[in-house]
J.: 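After the structure tokens below, expect a handful of questions from me.
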Amino acid sequence: QVQLVESGGGLVQAGGSLRLSCAASRRTFSNYAMGWFRQAPGKEREFVASITWSAGGTYYADSVKGRFTISRDNARNTVYLQMNSLKPEDTAVYYCAAERPPLRRGLPSRRADFGSWGQGTQVTVSS
């Protein structure tokens with residue numbers, strides 16, 4: 001299992017930007033596809049973005065496409081989520097997740113595809 005710790009959340013006005021970071025404990029981090037999910041109060045946890053082990057591919061939910069960018073630095077065991085043009089509906093707890101083994105070298109997007117989760121970081125966008 002991969003230990004994950006998110007940071008970078010906070011309060012921002014609509015139209016603003018935030019960058020979330022997720023630090024992983026495992027030296028084999030570079031083997032795992034990674035993802036970001038979010039959960040708003042009273043709603044199900046939903047997929048936001050994922051990235052392949054090599055950063056050669058990315059996949060986004062339609063609601064964030066063109067505004068959010070997922071990236072990773074395997075030398076630092078860290079994955080990022082750059083969030084621009086934030087909207088009040090982006091308000092949620094954001095979770096980082098690592099792919100559940102066996103690793104498939106693809107672009108997972110289902111919650112069941114991920115086996116390790118961080119504790120979450122709150123993002124609040126005011127109107």
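Since this is a predicted model, take the numbers as computed values, not measurements.
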J.: With hydrophobic residues grouped by side-chain heavy-atom distances under 4.5 Å, do Val79 and Leu103 end up in a single group?
T.: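 Linked within one cluster.
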J.: So, for Gln1 and Gly115, which heavy atoms are closest and what is the spacing to 0.1 Å?
T.: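 So the two residues come closest at NE2-O, 4.0 Å.
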J.: Identify, with sequence neighbours excluded, every residue that meets salt bridge (charged side-chain N to carboxylate O under 4.0 Å, His left out) alongside Arg111.
T.: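 Listed in chain order: nothing, the list is empty.
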J.: Quick one: are Pro108 and Arg110 in side-chain contact, heavy atoms under 4.5 Å?
T.: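 Not touching, per the 4.5 Å side-chain cut-off.
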J.: Counting C-beta onward and ignoring hydrogens, is there a side-chain heavy-atom pair between Leu20 and Met83 closer than 4.5 Å?
T.: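 Leu20 reaches Met83 side chain to side chain.
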J.: Partners of Arg19 by side-chain hydrogen bond (donor to acceptor under 3.5 Å, both in side chains), sequence neighbours excluded?
T.: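 Arg19 satisfies side-chain hydrogen bond (donor to acceptor under 3.5 Å, both in side chains) with no other residue.
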J.: Specify the closest pair of heavy atoms between Ser85 and Ser17, including all atoms of both residues, with the distance to one decimal.
T.: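 Here Ser85 and Ser17 meet closest at N-OG, 4.4 Å.
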J.: Out of curiosity, Asn77 CG to Ser25 OG, how far, rounded to the nearest 0.5 Å?
T.: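 Asn77 atom CG to Ser25 atom OG measures 8.0 Å (nearest 0.5 Å).
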J.: Does Arg67 have any salt bridge (charged side-chain N to carboxylate O under 4.0 Å, His left out) partners at least two apart in sequence or in another chain, and if so, which?
T.: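 Partners of Arg67 by the salt bridge (charged side-chain N to carboxylate O under 4.0 Å, His left out) criterion, ordered by chain and then number, come out as Asp90.
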J.: Please round to the nearest 0.5 Å and tell me the distance separating atom OG of Ser21 and atom CD of Gln82.
T.: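 Reported to 0.5 Å precision, the distance equals 9.5 Å.
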J.: Below 4.5 Å, heavy atoms only, C-beta onward: do Cys22 and Tyr80 meet side chain to side chain?
T.: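 No, too far: nothing below the 4.5 Å cut-off.
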J.: Tell me every residue that passes salt bridge (charged side-chain N to carboxylate O under 4.0 Å, His left out) with Lys43, counting only those two or more places apart in sequence or in another chain.
T.: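 So Lys43 forms no salt bridge (charged side-chain N to carboxylate O under 4.0 Å, His left out) with any residue.
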J.: Which residues pass the salt bridge (charged side-chain N to carboxylate O under 4.0 Å, His left out) test with Glu46, sequence neighbours left out?
T.: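 If we apply the salt bridge (charged side-chain N to carboxylate O under 4.0 Å, His left out) test to Glu46, skipping adjacent residues, the hits are Arg38.
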J.: Check Arg76 against Thr78 and note the closest heavy-atom contact, atom names and distance.
T.: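 Taking every non-hydrogen atom into account, O-OG1, 2.8 Å.
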J.: Determine the minimum heavy-atom distance between Gly106 and Thr52, stating which atoms define it.
T.: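 Smallest heavy-atom distance, with atoms named: O-CG2, 3.5 Å.
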J.: For residues 1-31, which residue pairs pass the ring pair (Phe, Tyr, Trp, His ring centres under 6.0 Å) check, not counting sequence neighbours?
T.: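 Sorted result for residues 1-31: empty, none.
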J.: Which heavy-atom pair separates Gly118 from Glu6 by the least distance, and what is that distance?
T.: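 The answer is CA-OE2, 3.2 Å.
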J.: Residues two or more places apart in sequence or in another chain: which of them pass side-chain hydrogen bond (donor to acceptor under 3.5 Å, both in side chains) with Gln3?
T.: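 For Gln3 there are no side-chain hydrogen bond (donor to acceptor under 3.5 Å, both in side chains) partners, ignoring immediate neighbours.
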J.: Using the salt bridge (Lys or Arg N to Asp or Glu O under 4.0 Å) rule, collect all pairs that involve residues 47-63, keeping only residues at least two apart or in two chains.
T.: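 Every pair satisfying salt bridge (Lys or Arg N to Asp or Glu O under 4.0 Å) with a residue in residues 47-63: Asp62-Lys65.
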J.: With rounding to the nearest 0.5 angstrom, report the CG to OG1 distance, Leu18 to Thr121.
T.: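 Reported to 0.5 Å precision, the distance equals 9.0 Å.
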J.: Considering only Ile, Leu, Val, Met, Phe, Trp and Tyr, and joining two whenever side-chain heavy atoms are under 4.5 Å apart, list the other residues clustered with Trp53.
T.: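 Via sub-4.5 Å side-chain contacts, Trp53 links to none.
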J.: Residues in side-chain hydrogen bond (donor to acceptor under 3.5 Å, both in side chains) with Ser126, at least two apart?
T.: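 If we apply the side-chain hydrogen bond (donor to acceptor under 3.5 Å, both in side chains) test to Ser126, skipping adjacent residues, there are no hits.
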J.: Could you list the cluster mates of Phe47? Members are the ILVMFWY residues connected by side-chain heavy atoms closer than 4.5 Å, either directly or through other members.
T.: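 Under the 4.5 Å side-chain rule, Phe47 groups with Phe37, Tyr59, Val93, Tyr95, Leu107, Phe114, Trp117.
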J.: Measuring from atom OG of Ser116 to atom CD of Glu99, what distance do you get when rounded to the nearest 0.5 angstrom?
T.: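 Between atom OG of Ser116 and atom CD of Glu99 there are 10.5 Å.
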J.: Could you tell me whether Glu44 atom CD has more than 12 heavy atoms of other residues or ligands within 6.0 Å of it?
T.: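 Atom CD in Glu44 is not packed in, count stays at 12 or less.
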J.: Testing the basics here: between Tyr60 and Thr69, what is the closest heavy-atom pair and its distance to 0.1 Å?
T.: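 Answer, listing the atom of Tyr60 first, then Thr69: OH-CA, 3.3 Å.
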J.: Taking the side chain as every heavy atom from C-beta outward, state whether Gln122 and Thr91 have any atom pair closer than 4.5 Å.
T.: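 Counting from C-beta outward, Gln122 and Thr91 do come under 4.5 Å.
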J.: Using side-chain hydrogen bond (donor to acceptor under 3.5 Å, both in side chains) as the criterion, list what pairs up with Arg105, not counting sequence neighbours.
T.: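 Partners of Arg105 under the side-chain hydrogen bond (donor to acceptor under 3.5 Å, both in side chains) test: none.
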J.: Rounded to the nearest 0.5 Å, how far apart are CE of Met34 and CG of Asn74?
T.: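 Met34 CE to Asn74 CG: 9.5 Å, rounded to 0.5 Å.
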